[in-house]
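A short worksheet on the structure shown next.
This is a predicted model, so every value here is computed, not measured. Along the sequence shown, residues carry numbers from 1.
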Amino acid sequence: MKITVIAVGKMKEKYYKDAVAEYEKRLSRYCKLEIIEAEDEKTPDGASVMEEARIREKEADRILRHVREDAYVITLEIAGKSFDSPEFADKIEKLGIRGISHVQFIIGGSLGLHEKVCRRSDLAVSFSKMTFPHQLMRVILLEQIYRSYRIICGEPYHK
């Protein structure tokens, strides 16, 4: 299976880059992983609601350029469906069984996702009701994908 992570913004901190690189290495045994960084828009302090909507829409256009017609799209949204790790692994495994060969995960920018990205989504997933920095969310997502493959293959992984 091919897994693509489309994320708004570049990784800046070395410790996030190192963590992503580690999970890229680990995941190479299980899937073909691609990470695409869509350029983020700068959000001025005190931006109006209209300005924030315009920023989300610009970022959405950049995200949607990378979404493939034949891919199963999973957006990360606070209001999405919550899974525990075995359920998430089961979802990934069932997608493969259904013959889905490409899954694209989308992580929005600091203002979240525009509705047109959410409409394209096949599944909205929530990792928590809390808000996380989008760079950290990339690490958390990759760790959970890795954990899923370990569960699917019946391999041990810390709890």
Side-chain angles (χ1 to χ4, degrees), residues 1-41 56 59-114 117-118 120-159:
M1 179 178 286
K2 180 175 181 180
I3 303 278
T4 301
V5 176
I6 303 170
V8 173
K10 292 201 176 294
M11 296 293 283
K12 295 177 181 114
E13 287 84 357
K14 183 181 180 327
Y15 51 89
Y16 287 143
K17 289 179 184 178
D18 291 346
V20 167
E22 178 63 26
Y23 284 111
E24 285 178 312
K25 183 175 78 176
R26 291 180 186 193
L27 280 164
S28 67
R29 292 182 50 210
Y30 303 103
C31 65
K32 181 176 178 353
L33 178 67
E34 174 185 33
I35 297 176
I36 297 171
E37 293 179 333
E39 184 183 348
D40 61 341
E41 281 292 305
R56 275 193 300 279
E59 290 176 348
D61 292 339
R62 293 175 188 149
I63 290 166
L64 291 170
R65 275 185 233 147
H66 299 288
V67 173
R68 299 290 159 241
E69 196 63 38
D70 63 340
Y72 187 90
V73 176
I74 299 175
T75 48
L76 275 55
E77 303 178 45
I78 289 175
K81 180 175 173 27
S82 294
F83 293 88
D84 63 20
S85 294
E87 290 168 338
F88 191 64
D90 185 59
K91 180 66 179 176
I92 289 174
E93 183 176 31
K94 284 181 177 166
L95 289 172
I97 291 168
R98 284 181 34 205
I100 293 171
S101 61
H102 191 185
V103 177
Q104 291 187 305
F105 288 90
I106 299 176
I107 302 171
S110 59
L111 298 175
L113 293 169
H114 188 274
V117 175
C118 299
R120 173 56 185 92
S121 178
D122 296 299
L123 175 66
V125 172
S126 174
F127 280 81
S128 173
K129 290 185 187 238
M130 295 180 183
T131 302
F132 294 102
H134 53 278
Q135 293 182 45
L136 176 59
M137 201 60 235
R138 197 179 314 184
V139 175
I140 293 169
L141 173 63
L142 292 175
E143 189 280 334
Q144 284 299 304
I145 294 169
Y146 174 68
R147 183 179 296 266
S148 292
Y149 277 109
R150 299 288 293 195
I151 291 168
I152 291 164
C153 295
E155 298 169 350
Y157 195 78
H158 330 260
K159 294 184 178 183

I'd like to check Ile3 versus Lys32 (side-chain heavy atoms, cut-off strictly below 4.5 Å). Are they in contact?
no
Taking Arg62 for the side chain and Ala38 for the main chain, is one N or O donor matched with an acceptor at less than 3.5 Å?
no
If you compare all heavy atoms of Ala89 against all heavy atoms of Ile152, which two are closest, and at what distance to 0.1 Å?
O-CD1, 3.5 Å
Look up atom OG in Ser82 and atom CD in Glu87, then write down how far apart they are to the nearest 0.5 Å.
9.0 Å
The side-chain contact (heavy atoms from CB on, under 4.5 Å) partners of Arg26 (sequence neighbours excluded) come to Glu22, Tyr23, Tyr146, Tyr157
Please name all residues satisfying side-chain contact (heavy atoms from CB on, under 4.5 Å) with Ser85, sequence neighbours left out, ordered by chain then number.
Gln144, Arg147, Ile151
Might you work through the side chain to side chain contact (heavy atoms under 4.5 Å, CB included) test for Val117 and Leu64, ending with a clear yes or no?
CA-CA 7 Å; Val117 175; Leu64 291 170; 4.1 Å; yes
Rounded to the nearest 0.5 Å, what separates atom CD1 in Ile35 from atom CG in Leu141?
9.0 Å
Spacing of Leu27 atom CG and Ser148 atom OG [to the nearest 0.5 Å]
9.5 Å
Is the shortest side-chain heavy-atom distance between Asp122 and Ile74 below 4.5 Å?
no
Any Leu142 side-chain heavy atom under 4.5 Å of Leu33 side chain:
yes
Rounded to the nearest 0.5 Å, what's the gap from NE2 on His114 to CZ on Arg56? Could you check?
7.5 Å
Any Glu34 side-chain heavy atom under 4.5 Å of Lys2 side chain
yes
Between the CD atom in Gln135 and the NZ atom in Lys12, the distance rounded to the nearest 0.5 Å is 5.5 Å
Find out whether the Lys NZ or Arg CZ of Lys17 is both under 6.0 angstrom from the six-membered ring centre of Tyr15 and within 45° of the ring's axis.
no
Could you tell me whether the side chain of Leu123 reaches within less than 4.5 Å of the side chain of Tyr72, counting heavy atoms only?
yes
Yes or no on salt bridge (Lys or Arg N to Asp or Glu O under 4.0 Å) for Asp61 and Arg65, after CA distance, side-chain angles and deciding distance?
CA-CA 6 Å; Asp61 292 339; Arg65 275 185 233 147; over 6 Å; no
Distance check, rounded to the nearest 0.5 Å: Ile92 atom CD1 versus Tyr30 atom OH?
12.5 Å
Polar side chain donor-acceptor pair, Tyr149 to Glu93, under 3.5 angstrom:
no
Please tell me if the side chains of Met11 and Glu37 come closer than 4.5 Å, counting only heavy atoms from C-beta onward.
yes
Quick one: side chains of residues 96-113, donor-acceptor pairs under 3.5 Å with protein atoms, not counting sequence neighbours, listed by atom name and distance.
unit_1: His102; atom_1: NE2; unit_2: Thr4; atom_2: OG1; d: 2.7
unit_1: Gln104; atom_1: OE1; unit_2: Arg68; atom_2: N; d: 2.9
unit_1: Gln104; atom_1: NE2; unit_2: His66; atom_2: O; d: 3.0

Would you sort out whether Tyr16 and Arg138 count as a side chain to side chain contact (heavy atoms under 4.5 Å, CB included), showing the intermediate values?
CA-CA 9 Å; Tyr16 287 143; Arg138 197 179 314 184; over 6 Å; no
Output yes when a side-chain donor or acceptor of Thr75 lies under 3.5 Å from a complementary backbone atom of Glu77, and no otherwise.
no
